[in-house]
Amino acid sequence: MKTEKLYEKDAYISSFEANVLSVLKENGIYKAVLDKTAFFPEGGGQPSDIGLIDGAAVNNVQIENGEIYHYTEAELKAGQTVFCEVDFERRYNFMQNHTAEHIVSGLVHKKFGFDNIGFHLSETLVTFDFNGFFTSGQLEEIEGEANKRVWSNLSVTAFYPSADELQAIPYRSKDGIEGEIRLVQIENTDICACCAPHVKSTGEIGIIKFLSTEKQHGGTRIFMKCGGFALRDYGKKNADIKAVCELLSAKTDEVRQAVYSLSERLESEKLNSKDLSSELLGLKIKMFDNSKSALVLNNAEIKDLQMAADGLHKTYGGAKTALSKTVEGAFFAMCADESEIEAEFERLKQTFTVKGGGRGPMRQGSIVADFDKIKEYFGV
Ligand SMILES: [Zn+2]
């Protein structure tokens with residue numbers, strides 16, 4: 001590799017000058033190799049940095065065949081000196097969340113002996129997997145201890161030990177690490193092999209917050225937000241809670257109870273509405289004009305139509321149908337004596353495209369046709 005890794009020497013370099021060593025063009029994308037870079041290439045579960053090189057957008061940085069390639073939208077020329085700017089707010093949030101992951105993984109390893117077997121940092125969230133299971137009390141304990149390590153503002157350092165030194169250091173390692181081992185040490189907390197940039201003191205993380213967990217591949221996946229991720233999440237949740245409180249005329253600390261009360265009221269309204277609907281259906285059946293063979297109900301579900309057809313048949317005899325208009329035609333339920341129902345249903349199927357069926361004295365489904373034609377058929 002020809003490129004000097006500035007991001008390893010100092011994770012806080014956000015702008016720098018570099019010389020362009022070479023440029024490749026592949027599928028319309030320019031891939032530049034620089035003599036030095038502060039752009040972190042994707043690796044170890046962390047996305048690559050983005051930013052600008054001489055005003056041209058860099059939207060990806062990758063190590064390929066041992067070279068660090070900066071994917072740029074505009075062409076750079078070999079030999080050119082360029083001014084580079086890393087999107088540092090984004091990168092800093094990654095540094096906060098990545099360092100927090102080391103603290104949590106180190107504490108989990110010490111307390112429970114579980115290994116971190118998967119780590120992914122997205123633009124807004126950290127997910128990581130352990131090969132063991134926790135009780136909720138244990139997770140609370142780890143989260144609490146991790147935040148104490150943040151507030152203690154411990155130092156974070158990275159170094160390349162010699163092969164002999166490495167033998168004597170008890171460090172955690174992730175799968176797939178090749179070549180020279182770079183160790184990241186958090187004072188009194190953890191030593192782990194890692195290639196990514198981290199904050200230099202844990203206080204910069206601000207807060208470590210577990211959001212949820214799920215069982216995954218015989219272990220536990222933790223969803224976590226720290227630093228800037230956590231602040232934005234808190235801002236959004238605060239705005240959501242305020243909006244819900246305004247709708248419910250509740251104080252923020254009473255919102256859960258207000259939603260429970262609303263849910264109970266809704267259940268009781270549903271029961272009232274059901275009673276009223278069946279009362280209304282009873283009246284409609286009572287007032288039904290028996291010279292017709294169908295009753296039209298608005299926005300009715302199949303089970304309502306079945307009740308109506310059953311009620312009409314029991315009250316007036318003969319084949320009786322309940323209909324409800326749909327975009328394609330109508331939903332229907334038809335009820336008749338068992339000796340007649342199949343013939344009535346066959347007659348309907350010969351006239352219209354009908355989907356559905358049924359047993360005993362009932363047939364139900366949908367009719368695809370102009371609704372006026374359907375009404376005409378039933379003499380409504
Ligand atoms: Zn790391």
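Note that ligands are numbered from 1 as they come in the structure, with each ligand's atoms numbered from 1 the same way.
Put simply, CD1 on Ile374 and NZ on Lys325 are 9.5 Å apart, with the number rounded to the nearest 0.5 Å.
Judged as a ring pair (Phe, Tyr, Trp, His ring centres under 6.0 Å), and not counting sequence neighbours, the contacts of Tyr316 are Phe288.
Between the Zn ion (ligand 1) and Cys192 there is no N/O/S contact shorter than 2.8 Å. For a distance bound of 2.8 Å, the N, O or S atoms of His102 include one lying that close to the Zn ion (ligand 1).
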Run the side-chain donor-acceptor check on residues 136-146: report pairs under 3.5 Å with partners two or more places apart or on a different chain.
unit_1: Gln138; atom_1: OE1; unit_2: Thr135; atom_2: N; d: 2.9
unit_1: Glu141; atom_1: OE2; unit_2: Lys111; atom_2: NZ; d: 3.4
unit_1: Glu143; atom_1: OE1; unit_2: Lys209; atom_2: NZ; d: 3.4
unit_1: Glu143; atom_1: OE2; unit_2: Lys209; atom_2: NZ; d: 3.1
unit_1: Glu143; atom_1: OE2; unit_2: Phe210; atom_2: N; d: 2.7
unit_1: Glu145; atom_1: OE2; unit_2: Arg149; atom_2: NE; d: 2.8
unit_1: Glu145; atom_1: OE2; unit_2: Arg149; atom_2: NH2; d: 2.9

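The Zn ion (ligand 1) lies at the vertex of an angle of 100° between the NE2 atom of His98 and the SG atom of Cys194 (rounded to 10°).
Taking the centre and axis of the six-membered ring of Phe378, the NZ or CZ atom of Lys292 falls outside the cone set by 45° and 6.0 Å.
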